[in-house]
Amino acid sequence: MSDYNDWSQKEHAEDFLVFPKNIGYYLSLDETAMSNGELYTIFSNKAKKGSIVGIFKGTQADDIIKIIKEKLSDEQLRMVKEVILDKANSMNLITTKYFPKHTTVIDRFHVQKLACDAVQQKRINYRWEAIDQDNQAYKQAKEEGREYKPDIFENGDT
């Protein structure tokens, strides 16, 4: 009843699925882990919520590129204006190789993570500087034979 036996993608469905009619100007490309640690690469159309252009077993750029070139026309590849992706080199390789007119946009999760990591690193650096200054002041007070009393702020912190 479902016509599964006649499905055009049945032969390769375990390895990849491609839906050329779902391609659009704005794509998202990301890898995801399904079950048992299996990784998949997923292309989706950002303009059509939940619209998958392709899902590929694995993250090997060369394998995915080969399938994309085979299943999507040059006209479809040229129509893509923007691809949102993470910072993975394999994902970037896929987009630069076959979407000639696209702009790469790093997804906001990864931009936020970079910013948070940078702020955290600065906080750590400042904390170590404060500890070093405190240790120097303690050492100097000891050498001068006086008791060390750190500055205490309004909130009770030193």
Side-chain angles (χ1 to χ4, degrees), residues 14-19 22-69 71-72 74 76-158:
E14 282 190 33
D15 297 319
F16 70 91
L17 297 170
V18 177
F19 305 98
N22 290 341
I23 199 158
Y25 298 118
Y26 304 98
L27 299 182
S28 177
L29 173 62
D30 206 355
E31 69 276 348
T32 188
M34 298 294 194
S35 59
N36 300 325
E38 297 169 324
L39 287 174
Y40 289 85
T41 302
I42 300 173
F43 269 104
S44 59
N45 184 334
K46 298 306 285 181
K48 295 181 189 177
K49 191 169 178 80
S51 183
I52 293 177
V53 176
I55 183 166
F56 309 88
K57 189 174 189 177
T59 58
Q60 289 293 331
D62 292 337
D63 297 341
I64 296 166
I65 288 168
K66 180 180 165 190
I67 297 166
I68 289 172
K69 188 63 178 163
K71 299 294 181 183
L72 299 174
D74 288 341
Q76 288 172 313
L77 296 173
R78 279 193 304 273
M79 76 182 287
V80 176
K81 293 180 180 180
E82 179 180 281
V83 181
I84 300 169
L85 50 98
D86 61 18
K87 301 177 307 165
N89 286 336
S90 61
M91 301 298 120
N92 193 42
L93 179 62
I94 292 167
T95 59
T96 55
K97 187 120 178 159
Y98 282 107
F99 298 106
K101 296 185 175 188
H102 88 287
T103 299
T104 298
V105 176
I106 304 300
D107 69 55
R108 73 173 167 239
F109 168 79
H110 288 89
V111 171
Q112 288 172 333
K113 185 172 180 339
L114 282 172
C116 287
D117 289 351
V119 169
Q120 181 66 6
Q121 189 59 51
K122 278 293 187 193
R123 289 180 67 235
I124 291 168
N125 291 344
Y126 287 140
R127 181 69 182 135
W128 279 112
E129 285 178 21
I131 290 170
D132 287 344
Q133 287 173 356
D134 195 53
N135 286 340
Q136 287 297 329
Y138 175 81
K139 184 179 174 183
Q140 185 176 357
K142 188 175 180 180
E143 287 173 357
E144 294 172 358
R146 60 183 168 81
E147 183 181 351
Y148 173 67
K149 291 191 178 191
D151 294 334
I152 298 176
F153 298 103
E154 290 178 16
N155 66 359
D157 203 358
T158 59

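The residues of the chain are indexed from 1 along the displayed sequence.
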Tell me whether D151 at atom CG has more than 12 heavy atoms from other residues, nucleotides or ligands lying less than 6.0 Å away.
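For D151, atom CG is not crowded (no more than 12 foreign heavy atoms under 6.0 Å).
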Take a 6.0 Å sphere around CD of E14 and say whether it holds more than 12 heavy atoms from other residues, nucleotides or ligands.
no
Pairing of D62 and K66 as salt bridge, 4.0 angstrom limit
no
Would you call M79 and Y25 a side-chain contact if the rule is heavy atoms closer than 4.5 Å?
yes
In Å and rounded to the nearest 0.5 Å, what is the [atom1] to [atom2] distance from [X] to [Y]?
| X | Y | atom1 | atom2 | value |
| --- | --- | --- | --- | --- |
| R127 | D132 | CZ | CG | 10.5 Å |
| T41 | K57 | OG1 | NZ | 12.5 Å |
| I64 | T59 | CD1 | OG1 | 6.5 Å |
| I68 | Q76 | CD1 | CD | 11.5 Å |
| Q120 | K113 | CD | NZ | 10.5 Å |
| K71 | L77 | NZ | CG | 13.5 Å |

Would you please say whether a donor-acceptor pair under 3.5 Å links the side chains of Q121 and N125?
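Side-chain D/A pair, Q121 to N125: present.
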What are the two closest non-hydrogen atoms of [X] and [Y], and how far apart are they?
| X | Y | answer |
| --- | --- | --- |
| L27 | K46 | C-CG, 3.8 Å |
| V80 | G24 | CG2-O, 3.6 Å |
| Y26 | N45 | O-OD1, 3.5 Å |

With Y148 via side chain to side chain donor-acceptor pair (under 3.5 Å) - residues at least two apart
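Residues passing side chain to side chain donor-acceptor pair (under 3.5 Å) with Y148: D134.
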Derivation and outcome, side-chain contact (heavy atoms from CB on, under 4.5 Å), residues I52 and L17:
CA-CA 9 Å; I52 293 177; L17 297 170; over 6 Å; no
Considering residues at least two apart in sequence or located in another chain, which fulfil the salt bridge (charged side-chain N to carboxylate O under 4.0 Å, His left out) criterion with K69?
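For K69, the residues satisfying salt bridge (charged side-chain N to carboxylate O under 4.0 Å, His left out) (neighbours in sequence not counted) are D74.
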Just by modelled atom types, is the Y40 backbone N or O under 3.5 Å from a matching donor or acceptor in the T32 side chain?
no
Should the ring pair F43 and F56 be called parallel, tilted or perpendicular, given that the plane angle runs from 0 to 90° and is split at 30 and 60?
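If you compare the ring of F43 with that of F56, the planes turn out perpendicular.
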Run the numbers on I42 and D30 for side-chain contact (heavy atoms from CB on, under 4.5 Å), then give the verdict.
CA-CA 6 Å; I42 300 173; D30 206 355; 5.8 Å; no
Could you name each residue pair satisfying side chain to side chain donor-acceptor pair (under 3.5 Å) that touches residues 138-147, not counting sequence neighbours?
Q140-E144, E144-R146
